[in-house]
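Everything on this sheet refers to the single structure shown next.
All residue numbers refer to positions in the sequence shown, counting from 1. For the numbers below, each heavy atom of this structure counts, side chains included, while hydrogens, waters and symmetry mates do not.
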Amino acid sequence: MTDPQLKPERIRVLIAEDQTLIREGLATLLAQQNDDFEIVGAAADGEQAIEFARRYRPDVVLMDLQMPRADGVTATQRILREFPGTGIVVLTTFDTNDLIFEAVSAGAKAYLLKDSRIDEIAATIRTVANGQSALSPGVAAKILEEFKRLRPRHAPASAPARGDLTARENEILKLIVEGKSNGEIGAQLHLAEGTIKNYVSTILEKCGAKNRTELAIKTIG
């Protein structure tokens, strides 16, 4: 039986943000979220983020992209090279396709804008700490747009049919590649959103992909 006096293990979070007010505000607000976060450090630039990652071994790094000395993409690459199990959550004011693509390609598991609510940021950190990605359909769509732009000209323009998927699964796969959410796919195909969710899980398993973005990139790559 679990001792009720023992608190569950908290998620160790490192904040990397060059603006002092935002950095300190995030630390304060996250520390108040259900007592399940431990703020192990707050780095003011990319090099310090790398140093603190080595020192404190966080579960999740909340990473700004535009920082002095080393930007967030560079810091993400270097941290994951040494500590591949660390979850990186990008928190930035920028939502351009190329920056999102670079951050996710570097290994970030989630991408949030700084106008996100603190409860949304906290939920995303928990998701990433559990080893899952947390990319919204809108962010996934931007990644796919950039991937298609960088793709060789001879590559197919849309998702090719896969012989190991049923006709319905291939139909849903095509809509995933277009960046549509489960709700949008369900509305277009006149199916319940829960049914689409089950289809997506099956498609991910058959294609050996961890998430929708990886699935789409594998499909059209």
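Considering CD1 of I88 and CD of Q77, their distance stands at 11.0 Å, rounded to 0.5 Å. The CZ atom of F52 lies 11.5 Å from the CD1 atom of I15; values are rounded to the nearest 0.5 Å. Summarising the geometry, atom CG belonging to L29 is positioned 4.5 Å from atom CD1 belonging to I118; distances are rounded to the nearest 0.5 Å. Distance check: I196 CD1 to I172 CD1 gives 4.0 Å after rounding to the nearest 0.5 Å. The CD atom of E38 sits 11.0 Å away from atom OH of Y56, with the distance rounded to the nearest 0.5 Å. Taken to the nearest 0.5 Å, the CG atom of L65 stands 8.5 Å off from the OG1 atom of T93.
When side chains are defined from C-beta on, F83 counts as touching R54, because their heavy atoms get closer than 4.5 Å. Between Q188 and L175 the shortest side-chain heavy-atom distance falls below 4.5 Å. Looking at heavy atoms from C-beta onward, Q19 lies out of side-chain contact with L21 at the 4.5 angstrom threshold. Using a 4.5 Å heavy-atom threshold, the side chains of F37 and R12 count as separate. The shortest distance between side-chain heavy atoms of E82 and R57 does not fall below 4.5 Å.
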Q | CA sep, side-chain torsions, deciding dist, call: T28, I39, side-chain contact (heavy atoms from CB on, under 4.5 Å) | A | CA-CA 9 Å; T28 299; I39 309 303; over 6 Å; no
Q: Just do the side-chain hydrogen bond (donor to acceptor under 3.5 Å, both in side chains) check on D71 and T74 with the steps written out, would you?
A: CA-CA 5 Å; D71 62 32; T74 300; 2.9 Å; yes
Q. Does the salt bridge (Lys or Arg N to Asp or Glu O under 4.0 Å) test come out yes or no for E171 and R168, once each step is laid out?
A. CA-CA 5 Å; E171 188 176 17; R168 177 64 86 182; 3.0 Å; yes
Q: Carefully, step by step, assess M63 and T76 under the rule side-chain contact (heavy atoms from CB on, under 4.5 Å).
A: CA-CA 8 Å; M63 182 76 75; T76 294; 3.8 Å; yes
Q: Go through the steps to decide whether T86 and V61 satisfy the test side-chain contact (heavy atoms from CB on, under 4.5 Å), and finish with yes or no.
A: CA-CA 7 Å; T86 305; V61 180; 3.8 Å; yes
Q: Please test E169 against T202 for side-chain contact (heavy atoms from CB on, under 4.5 Å), starting from the C-alpha separation and ending with a verdict.
A: CA-CA 8 Å; E169 288 166 351; T202 300; 3.5 Å; yes
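Across all non-hydrogen atoms, the minimal contact from A49 to L14 is O-CD2, 3.6 Å. Taking each heavy atom of A42 and Q48 in turn, the nearest pair found is O-OE1, 4.1 Å. Closest approach of A108 to V90, counting heavy atoms only: CB-CG2, 3.7 Å. Minimum interatomic distance between I11 and I125 (heavy atoms only, all atoms of both residues): CG2-CG2, 4.2 Å. The minimum heavy-atom distance linking L112 with E120 is given by the pair CD2-OE2, 3.8 Å. Considering all non-hydrogen atoms of both residues, V13 and P58 come closest at C-CB, 4.4 Å.
Between R55 and E51 a salt bridge is recorded (basic side-chain N to carboxylate O distance below 4.0 Å). With respect to K114 and E17, a salt bridge is recorded, a charged nitrogen being found less than 4.0 Å from a carboxylate O. Between R10 and D59 there is no salt bridge, since none of the side-chain N atoms of the basic residue sits less than 4.0 Å from a carboxylate O of the acidic one.
Residues I185 and L165 share a single hydrophobic cluster, defined by chaining ILVMFWY side chains whose heavy atoms lie under 4.5 Å apart. When the side chains of ILVMFWY residues are joined at heavy-atom separations under 4.5 Å, either directly or via intervening members, V89 and Y111 end up in two distinct hydrophobic clusters. Hydrophobic clustering of Ile, Leu, Val, Met, Phe, Trp and Tyr side chains at less than 4.5 Å, counting indirect connections, unites V60 with I22. Residues I79 and M67 share a hydrophobic cluster, clusters being chains of Ile/Leu/Val/Met/Phe/Trp/Tyr side chains in contact below 4.5 Å.
T195 and N198 share no donor-acceptor pair across their side chains, judged by distance under 3.5 Å alone.
Crowding of K197 atom NZ: a count of heavy atoms from other residues, nucleotides or ligands under 6.0 Å not exceeding 12.
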